[in-house]
Amino acid sequence: QSSGREDRKVAVMAVFAENDELSGATPEDAALLRSRLENDPRVVDFMVKVFPGQKHGFAHNHLGQPEEGSDDTERFVDEGFGSVDSLTTGGDAEVACLLS
């Protein structure tokens, strides 16, 4: 009798930093993961996001630095997160956009 694991479908979200040098967490590793996810029939949806100019741990340690001259919001709302042409800042609309 099957354990059912073969039939499971999963969604994957992976966050990487452009300047990460930790083995398994480099941008090259992100590219490899993306290619594997694209070809895995168990994966129904995935997002692999590499944040530009960031180092390992930026998402957890409040170490993220905005790119010089950039709008910080635009770094996080782009095609990888289902971008929108314009973003209303503040309130539920922004939260919904960021979670979409």
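Just so you know, these numbers come straight off a predicted model, no measurement behind them.
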Residue pairs fulfilling side chain to side chain donor-acceptor pair (under 3.5 Å) with at least one residue in residues 11-22, sequence neighbours excluded:
Asp20-His56

Does any pair with a residue in residues 32-41 pass side chain to side chain donor-acceptor pair (under 3.5 Å), and if so which ones, sequence neighbours excluded?
Asp40-Arg42

How close do Lys9 and Pro41 get, heavy atom to heavy atom, and via which atoms?
NZ-O, 3.1 Å

List the atom of Val50, the atom of Ala30, and the distance in Å for their closest heavy-atom pair.
CG2-CB, 3.6 Å

Mind checking who shares a hydrophobic cluster with Val44, ILVMFWY linked at side-chain heavy-atom distances under 4.5 Å?
none

My understanding is that only residues two or more places apart in sequence, or in another chain, count here; which of them pass side-chain contact (heavy atoms from CB on, under 4.5 Å) with Leu33?
Ala14, Phe16, Leu37, Val48

Partners of Val10 by side-chain contact (heavy atoms from CB on, under 4.5 Å), sequence neighbours excluded?
Val12, Val43

How many angstroms lie between CG in Asp29 and CG in Leu32, if you round to the nearest 0.5 Å?
6.5 Å

